Amino acid sequence: MTPDRFFALLLALQTRRDPVTTTDLAAETGVSVRTVLRDLRWLQDAGFPVLVERGRWGGVTLLPGGALDTSRLTPAERDQLALHGLDDRQRHQLGAAAEGRRAREKVAARTAGASGPLLPLSAVITTDSRPWFWSGTQGLEPSALVGDVRRGVRLRIRYRRAAESVPAWQLVDPYGLLAKAGRWYLVADSSGTPRLYSLERLTEWRPTTSPRRLRPGTSLADAVAGLTTGWETSAGLRIHGLLAARHAERARRILGSRVTVHRTGEGPAPTPGPDQVAITLSCRDLEEVRQLLPFGADLLITAPPEARSRLRELAAEVVSQYAEPQPADEGTGPRTLLPHDRCQRGHKAGEGASPRPRVRPSALPRRVQGGA
């Protein structure tokens with residue numbers, strides 16, 4: 001009797017309060033009736049209180065006391081229960097969808113008979129970690145990398161930073177993987193400094209034979225907490241402005257914790273108008289002022305001056321990109337003349353002079369008409 005068949009048969013019995021026929025058990029577990037009878041005898045010999053009643057009104061029943069507890073989970077299934085926060089898609093990306101599904105089925109079967117005034121949380125809560133308008137996994141699948149990460153060795157990775165066009169090799173000491181906001185990251189030390197490496201830009205890796213060298217007393221959770229907190233709070237520049245009040249919620253949705261929408265009377269000068277709110281955007285550098293372009297003329301940057309200047313430059317670039325082409329002027333540079341233009345030019349040049357008389361071909365000498 002295989003472990004999968006054992007758990008499938010036991011779960012089928014646990015989820016039913018009334019006796020079930022061996023035919024139904026065979027259909028549910030995908031084996032023959034004869035195999036089901038043999039497996040039931042195996043369960044009885046193993047000490048499970050399985051009652052088999054023959055006859056028209058008979059069936060198979062798992063008596064009280066035979067429920068499966070988590071100590072019967074396999075190590076891989078117990079590991080899956082510890083991975084809280086991952087949805088089915090992320091477990092599939094790790095190559096562990098089957099273990100996660102079996103572990104949840106066993107736990108669900110253990111609690112199926114529980115009664116009470118409230119529905120279980122698992123019946124009213126679901127998770128979906130995908131970002132809105134998700135277009136699918138980009139770059140390296142975490143299932144391809146997680147095996148070498150679990151070996152606890154140093155990795156050589158070929159990684160392209162956001163500001164670079166060509167990836168470069170580097171040696172890192174991996175803590176593990178992070179699933180955040182629908183994306184996967186490798187968390188690792190590079191020369192003793194913690195880093196986040198997006199799997200979307202990690203193109204290649206090679207495991208070494210050397211054990212990883214982590215900072216003493218630092219776990220994966222510690223490294224992630226330090227990196228995410230530092231990323232979200234490192235603001236070397238604060239940009240102040242006045243925003244149309246109707247866009248306040250949109251600003252919070254787009255910019256998240258980077259923007260502060262001040263209450264009336266709490267923001268920096270100048271005082272906002274009746275239909276405005278004062279906002280402050282926390283940035284790491286001046287180029288992040290680009291995040292304010294979607295608000296157009298509904299946002300007025302008040303400080304600092306360099307932010308106003310940079311946003312003005314960016315707006316001018318956008319205007320130039322979409323400006324309608326202007327017709328060329330005569331005084332602005334050389335222009336190729338069309339035949340019609342040449343006629344017009346010649347006509348203008350002759351204004352004020354006596355018109356040249358038109359000569360009919362018949363009035364010319366014969367030799368001119370016929371050629372020499």
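Positions are given from 1, in the same order as the sequence printed here. Note that the structure is a prediction, hence the values are computed from the model and not measured. Scope of the values below: all heavy atoms of this structure, side chains included, with no hydrogens, waters or symmetry mates.
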Test side-chain contact (heavy atoms from CB on, under 4.5 Å) on Leu177 and Leu186; report intermediate values, then the result. CA-CA 5 Å; Leu177 300 180; Leu186 172 68; 4.0 Å; yes

Sequence neighbours left out, cut at 3.5 Å: what donor-acceptor pairs do the side chains of residues 294-305 make with other protein atoms?
unit_1 : atom_1 : unit_2 : atom_2 : d
Asp298 : OD1    : Arg246 : NH2    : 3.0
Asp298 : OD2    : Arg246 : NH2    : 3.4
Asp298 : OD2    : His247 : NE2    : 3.0
Thr302 : OG1    : His240 : O      : 3.2

Which heavy atom of [X] sits nearest a heavy atom of [Y], and at what distance?
| X | Y | value |
| --- | --- | --- |
| Gly59 | Pro19 | CA-CB, 4.0 Å |
| Ala251 | Leu243 | CB-CD2, 3.9 Å |
| Arg154 | Pro211 | CG-O, 3.3 Å |
| Val172 | Ser190 | CG1-CB, 4.4 Å |
| Val277 | Ala248 | CG2-CB, 4.3 Å |

Not counting sequence neighbours, which residues clear side-chain contact (heavy atoms from CB on, under 4.5 Å) with [X]? List them please.
| X | result |
| --- | --- |
| Thr22 | Val33, Val36, Leu37, Leu40, Val60 |
| Ala144 | Leu140, Trp205 |
| Asp24 | Val20, Thr21 |

Out of the candidates Thr208, Asp173, Leu171, Leu145, only one should pair with Leu155 under the side chain to side chain contact (heavy atoms under 4.5 Å, CB included) rule; please name it.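 Answer to the side chain to side chain contact (heavy atoms under 4.5 Å, CB included) test with Leu155 among Thr208, Asp173, Leu171, Leu145: Leu145.
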
Have a look at Leu292 and tell me which of Leu281, Val259, Ile254 forms a side chain to side chain contact (heavy atoms under 4.5 Å, CB included) with it. Leu281

Spatial distance of atom [atom1] ([X]) from atom [atom2] ([Y]) [nearest 0.5 Å]:
| X | Y | atom1 | atom2 | answer |
| --- | --- | --- | --- | --- |
| Leu25 | Thr35 | CG | OG1 | 12.0 Å |
| Trp184 | Glu141 | CH2 | CD | 9.5 Å |
| Leu255 | Ile279 | CG | CD1 | 7.0 Å |

Between [X] and [Y], is there a shared hydrophobic cluster once you connect ILVMFWY residues whose side-chain heavy atoms come closer than 4.5 Å?
| X | Y | value |
| --- | --- | --- |
| Ile157 | Trp169 | no |
| Leu199 | Leu227 | no |
| Leu214 | Leu220 | yes |
| Tyr185 | Leu94 | no |

Only pairs at least two apart or in different chains count here, so list each ring-ring contact (aromatic ring centres under 6.0 Å, His included) that has a residue in residues 262-282.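 Those involving residues 262-282 do not exist here.
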
ring-ring contact (aromatic ring centres under 6.0 Å, His included) pairs, two or more places apart, involving residues 207-227: none

Check whether Thr61 reaches the backbone of Leu51 with its side chain - one donor and one acceptor, N or O, closer than 3.5 Å. no

Do side-chain atoms of Ser143 reach the backbone of Gln93 as a donor and acceptor pair under 3.5 angstrom?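 Yes; at least one donor-acceptor contact below 3.5 Å.
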
Enumerate the salt bridge (charged side-chain N to carboxylate O under 4.0 Å, His left out) contacts for residues 202-218, please, sequence neighbours excluded, ordered by first and then second residue.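 Applying salt bridge (charged side-chain N to carboxylate O under 4.0 Å, His left out) to every pair that reaches into residues 202-218, excluding sequence neighbours, yields Asp189-Arg215, Glu204-Arg206.
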
Pairs in or reaching into residues 277-289: which pass salt bridge (charged side-chain N to carboxylate O under 4.0 Å, His left out), with residues at least two apart or in two chains?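 Residue pairs with at least one partner in residues 277-289: Arg284-Glu288, Glu287-Arg290, Glu287-Arg310.
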
With a 4.5 Å limit on heavy-atom distance, are the side chains of [X] and [Y] in contact?
| X | Y | answer |
| --- | --- | --- |
| Leu242 | Pro272 | yes |
| Leu293 | Leu311 | yes |
| Leu9 | Val31 | no |
| Cys283 | Val289 | no |
| Tyr175 | Val224 | no |

Show the atom names and distances, to 0.1 Å, of all donor-acceptor pairs under 3.5 Å that link a side chain in residues 191-198 to residues at least two apart or in another chain.
unit_1 : atom_1 : unit_2 : atom_2 : d
Tyr197 : OH     : Gln170 : OE1    : 3.0
Ser198 : OG     : Glu200 : N      : 3.2

So, using side-chain hydrogen bond (donor to acceptor under 3.5 Å, both in side chains) as the criterion, who are the partners of Ser309 when residues are at least two apart?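 Expected list: Arg312.
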
Tyr159: partners by side-chain hydrogen bond (donor to acceptor under 3.5 Å, both in side chains), with sequence neighbours left out: Arg201

May I have all residue pairs that pass side-chain hydrogen bond (donor to acceptor under 3.5 Å, both in side chains) and include part of residues 248-259, sequence neighbours excluded? Glu249-Arg252, Arg258-Gln291

